[in-house]
Each structure stands twice: as structure tokens, then as C-alpha cells.
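See below for the structure under consideration.
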Amino acid sequence: MDILRFATAGSVDDGKSTLIGRLLFDSKAIFEDQLEAVERTSRDRGTEYTDLSLLTDGLRAEREQGITIDVAYRYFATPRRKFIIADTPGHIQYTRNMVTGASTADLAIVLIDARKGVLEQSRRHAFLTSLLRVPHLVLAVNKMDLVDYSQERFDEIREEFTAFASKLNVSDLTFIPISALHGDNVVSRSENTPWYQGSSLLHHLENVHIASDRNLVDVRFPVQYVIRPKKATDHAFHDYRGYAGQVAGGVLKPGDEVVHLPSGLTTRIAAIDTFDGPVEEAFPPMSVTLRFEDDLDISRGDMIARPNNQPQAAQDLEAMICWMGDGTKLGPRSKFAIKHTTRTARALVRDLQYRLDVNTLHRDEEATALGLNEIGRVTLRVTQPLFVDDYARNRLTGGFILIDESTNGTVGAGMIIDAR
């Protein structure tokens with residue numbers, strides 16, 4: 001079975017955690033003792049119903065306030081597919097957490113309260129999922145029970161959001177009316193919405209096509225680790241030399257001609273090994289070990305590609321940055337460590353072109369720095385060439401993080417727009 005990673009987002013109290021709790025509960029993905037603990041906590045708080053949001057809101061501060069602060073990851077499976085859920089916070093001060101959760105997602109669910117409609121935070125999260133190139137977007141209109149399952153209200157929200165989404169880079173947009181509290185259209189179709197002809201949320205998650213979302217054309221294999229067992233007791237592994245990593249793009253097969261970067265030397269793939277044994281092909285997001293016909297000087301941070309289809313070796317990058325530094329700011333002449341795929345270098349901020357208002361999409365070209373949770377376009381100069389693609393072409397080779405060298409903490413996430 002394949003794995004679908006999806007993130008939930010939306011305004012405060014739109015029911016993100018309750019929706020995930022409902023998915024886990026109705027798909028029987030929680031243990032009895034977990035359910036008993038949630039029921040006990042719900043009774044202690046005087047709640048008349050079992051508060052399923054407690055399944056994901058695990059921090060004490062989250063439970064006290066009834067909000068999500070940190071990114072909560074949950075796992076469940078159905079007979080058709082495995083799922084990894086990232087429950088991201090809705091508050092504006094936790095934008096960095098939302099970016100973290102959505103950066104690896106195949107699909108994003110943006111919840112909207114049917115009573116409140118499309119809010120500023122709803123538009124912000126939709127823009128962030130577009131900026132992060134999340135391929136599929138589901139707009140779940142929640143709390144339909146509080147508007148008497150009104151088709152008119154659902155259509156109003158759909159039209160308003162469709163008009164906003166036309167300004168964004170959204171390739172697949174789906175609208176589903178739900179009630180996370182009562183389970184309407186979450187796991188199964190609801191009789192309360194006979195006017196809705198689409199599928200339930202879980203059915204959509206099980207059947208959305210994600211195989212073609214990954215770049216299967218441009219071969220990209222960042223080398224993460226060199227494997228040299230040198231077992232004296234096992235002659236079969238005495239001369240073993242393999243290069244481990246995760247396939248970031250394209251399809252690799254034994255016999256394929258590849259080029260090693262930065263040397264530019266070419267060789268052919270002798271074999272592709274995995275934990276379960278050799279395979280005849282490797283594709284994203286498989287983690288494999290490549291063996292080559294020739295002995296080349298290959299180390300961590302190098303890139304394997306096709307001779308006639310290579311990433312760009314660049315030291316000047318233009319990128320959109322989401323600033324995550326708490327107590328620090330990003331401005332011209334700032335210096336950081338930069339981690340791109342498996343390669344680490346140092347970077348200097350040459351210019352801040354503009355700061356982007358994610359609510360209005362206004363570009364503030366007078367801005368001199370980026371503060372916590374702010375997004376802007378910057379120009380970076382890197383100490384050694386990075387093998388990059390545009391983020392729109394490949395999210396793995398087009399993304400990077402900035403690291404504060406004094407604290408070793410991640411302070412920024414970047415998406416490459418242009419490189420030279």
C-alpha cells in the first residue's frame with residue numbers, strides 16, 4: 001500500500017483536531033484505553049459528548065485553551081492506503097508550525113466554519129499550501145449541522161473560495177460539506193446532505209491519485225551515506241561499496257547511465273539494493289543503496305543524475321523564505337548555514353527584495369527584515385555550489401533550510417525560485 005501524507009489547516013476553532021479524532025475513531029484506529037482516557041477527560045471537563053479533539057491535542061496548554069499549538073502527527077490505515085496526518089495550528093503566531101506540517105504533505109485539508117465562512121486565516125492557509133506546492137487541496141466546510149445542512153450556505157462558501165483560489169497555484173481543489181462532531185460525510189456519506197453528490201472525506205483520501213505528483217522525469221539522487229561493510233568473515237561483502245539515499249526524482253534501473261556531481265564523471269548502475277534485497281527499479285520516495293560499475297570518489301552531499309538531464313549547480317539563489325527564528329530576524333548581510341538535500345554549506349543574505357503579506361498578497365518592497373512567521377523573497381550567496389531545481393519542479397531539490405550556527409536551530413525554510 002502507498003502512503004498519503006496530509007495536513008489539516010484552518011482558522012481557530014474550525015474543528016481540525018475534532019475532524020482527525022473522528023477519522024481515527026470511525027476508522028477504528030485508536031485503542032480502547034485511549035478512548036477511555038478521552039472519555040474520562042471529557043467528563044472531568046463537564047463536556048456532554050466525547051471530545052475527540054483530545055486525541056491529537058496532547059499538550060496541557062492545548063487542552064486548557066482548546067487550541068492546537070504544536071504540529072501533532074498521527075498514523076492510521078485502511079485496507080486501501082496508509083495515512084500520516086499532520087494536525088497544524090490555526091493561530092497566526094504558529095505559521096511556522098503550519099509550514100513545517102505542510103512542507104511534506106501530498107494533500108492539505110483547509111477547514112472552514114460554515115457559520116463564519118472564508119476568514120483571513122482560511123485564505124492565509126490556502127496561500128501557504130499553494131506556496132508550498134501541496135498538489136491537492138480539500139476545502140472541508142465543517143459544522144454544517146449548525147447551519148441546518150444548508151446547501152445555499154455551502155454554495156456561497158464554495159463560490160467565494162473558488163474566486164480566491166483562482167489567484168493561487170492550486171491544481172486540484174475539492175469541496176466537501178462535513179460535520180466532524182457528528183461524523184457527517186467524514187467516513188461515510190450522510191443522509192443529512194442529500195443534495196451533495198460527492199464522496200465522503202475518507203473515500204476521497206483513499207482514492208486521490210498521488211503517484212503522478214512526484215517528478216518521475218528528472219533523475220535526482222542525493223547521496224546520504226557511503227556503505228563499506230568490509231566484513232572479514234563474509235567475503236561477499238568485503239569489497240562492497242554502496243551509496244545510500246532517498247530517490248528525489250526520476251526512475252533508476254540497473255544498467256542506466258548516470259553522472260556524478262560535482263565531478264561530472266559518468267558510470268552505470270550495477271545494482272540497486274534495499275533492506276529487503278535487490279530491486280529492478282527505484283523511484284520517489286524510495287530509500288535505496290546504489291552500486292556502480294566503476295569506483296568513483298563519491299561522498300555525502302554529492303548528487304547522482306542523468307548525463308543529459310542535470311540539476312543546476314548554483315551559488316546564487318533567489319528564494320521565498322518563511323522565517324522561523326524566534327528572537328532573531330533575517331536581513332541583508334545575515335549569515336547562516338544552509339542545508340539542501342544532504343549537502344551543507346554557508347550562506348549570506350545579499351538582499352531582501354520584499355516581504356509578503358500572506359493575507360492580502362501585498363508585496364512590501366520597503367521592508368528591511370523578516371520577523372517570526374513572516375515570508376519574503378531573498379537573494380542568497382552560497383559558499384559552494386548546490387545542485388538545485390526550481391521548487392515548482394521538484395520540492396526536494398528545490399527546498400532548503402537555514403540554520404543558526406550559534407544555536408544550531410532551524411530558523412528558516414526556503415523554496416528556490418531561481419538559481420544561477
Side-chain angles (χ1 to χ4, degrees), residues 5 7 9 58-59 61 68-73 84-105 108 124-125 127-129 131-134 222 224-225 245-246 248 285 300-301 314-315 317-350 352 355-356 358 367 369-384 386-389 391 394-417 419:
R5 295 172 176 266
L59 298 177
T68 300
I69 296 174
D70 198 6
V71 180
Y73 291 95
I84 301 177
I85 316 169
D87 182 20
T88 66
H91 284 64
I92 187 170
Q93 63 263 43
Y94 302 120
T95 298
R96 59 180 176 178
N97 302 60
M98 189 269 169
V99 169
T100 301
S103 61
T104 57
R124 184 176 72 252
H125 287 137
F127 167 73
L128 289 172
T129 58
L131 181 68
L132 291 163
R133 298 282 177 169
V134 179
Q224 183 175 1
Y225 189 70
Q246 184 181 39
R300 176 182 172 87
Q315 288 185 263
L317 307 175
E318 284 196 25
M320 296 297 293
I321 300 281
C322 175
W323 188 246
M324 303 176 177
D326 199 353
T328 61
K329 292 192 175 184
L330 178 145
R333 312 304 298 175
S334 300
K335 296 179 181 178
F336 306 97
I338 182 171
K339 188 172 187 302
H340 171 264
T341 60
T342 57
R343 174 166 283 217
T344 303
R346 302 187 71 200
L348 170 72
V349 179
R350 298 182 62 178
L352 172 60
R355 181 175 60 211
L356 187 68
V358 296
L370 292 181
L372 178 63
N373 293 318
E374 292 183 335
I375 295 174
R377 181 164 176 165
V378 303
T379 304
L380 299 173
R381 175 71 176 178
V382 187
T383 55
Q384 58 178 293
L386 303 179
F387 308 111
V388 305
D389 295 293
Y391 188 79
N394 191 315
R395 294 169 75 189
L396 292 176
T397 56
F400 61 86
I401 60 172
L402 296 177
I403 301 169
D404 187 333
E405 293 183 286
S406 62
T407 64
N408 209 32
T410 301
V411 291
M415 292 140 279
I416 297 170
I417 299 173

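In this structure the side chain of L402 reaches within 4.5 angstrom of the side chain of L330, judged on heavy atoms. Contact annotation: the side chain of I375 never approaches that of L370 to less than 4.5 Å [non-hydrogen atoms, C-beta and beyond]. Two residues are said to be in side-chain contact when any heavy atoms from C-beta on lie closer than 4.5 Å; T342 and Y225 fail this criterion.
With a 6.0 Å radius and a threshold of 12 heavy atoms from other residues, nucleotides or ligands, R350 has its CZ atom at or below the threshold.
For T397, the side chain to side chain donor-acceptor pair (under 3.5 Å) test picks out D389, with sequence neighbours left out. Take Q384 and apply the side chain to side chain donor-acceptor pair (under 3.5 Å) test, not counting sequence neighbours, and it matches R343. Take R5 and apply the salt bridge (Lys or Arg N to Asp or Glu O under 4.0 Å) test, not counting sequence neighbours, and it matches no residue. E318 is linked by a side chain to side chain donor-acceptor pair (under 3.5 Å) to Q353, R377, counting only residues two or more places apart in sequence or in another chain. Shown here are the side chain to side chain donor-acceptor pair (under 3.5 Å) partners of E405, two or more places apart in sequence or in another chain: R346. Y391 pairs by the ring pair (Phe, Tyr, Trp, His ring centres under 6.0 Å) definition with nothing, not counting sequence neighbours.
Annotation for V99 and C322: closest pair CG2-SG, 3.7 Å, computed over non-hydrogen atoms. Heavy-atom minimum distance, Q246 versus P285: NE2-O, 3.0 Å. Closest approach of N394 to A248, counting heavy atoms only: ND2-O, 2.9 Å. Of all non-hydrogen atoms in G371 and K329, the two that sit nearest each other are CA-CG, 4.2 Å. In plain terms, the two heavy atoms of G101 and A86 that are nearest each other are O-CB, 3.9 Å. L356 approaches F127 most closely through the heavy-atom pair CD2-CZ, 3.1 Å.
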Using the side-chain contact (heavy atoms from CB on, under 4.5 Å) rule, take L317 and I338 through it: C-alpha gap first, then chi angles, then the decisive distance, then the call.
CA-CA 11 Å; L317 307 175; I338 182 171; 4.2 Å; yes
side-chain contact (heavy atoms from CB on, under 4.5 Å) for H340 and V382? Distances and angles first, verdict last.
CA-CA 11 Å; H340 171 264; V382 187; over 6 Å; no
Can you check side-chain contact (heavy atoms from CB on, under 4.5 Å) on F400 and V388, steps first, answer last?
CA-CA 10 Å; F400 61 86; V388 305; over 6 Å; no
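For the pairing with L380, the side chain to side chain contact (heavy atoms under 4.5 Å, CB included) check across L386, V349, I416 returns one residue only, V349.
Taken from CZ in F336 to OG1 in T328, the straight-line distance is 6.5 Å, to the nearest 0.5 Å.
Listed for the R395 side chain is a donor-acceptor partner under 3.5 Å among the backbone atoms of S103. With hydrogens and angles ignored, the 3.5 Å screen pairs no side-chain donor or acceptor of Q315 with any backbone N or O of R381.
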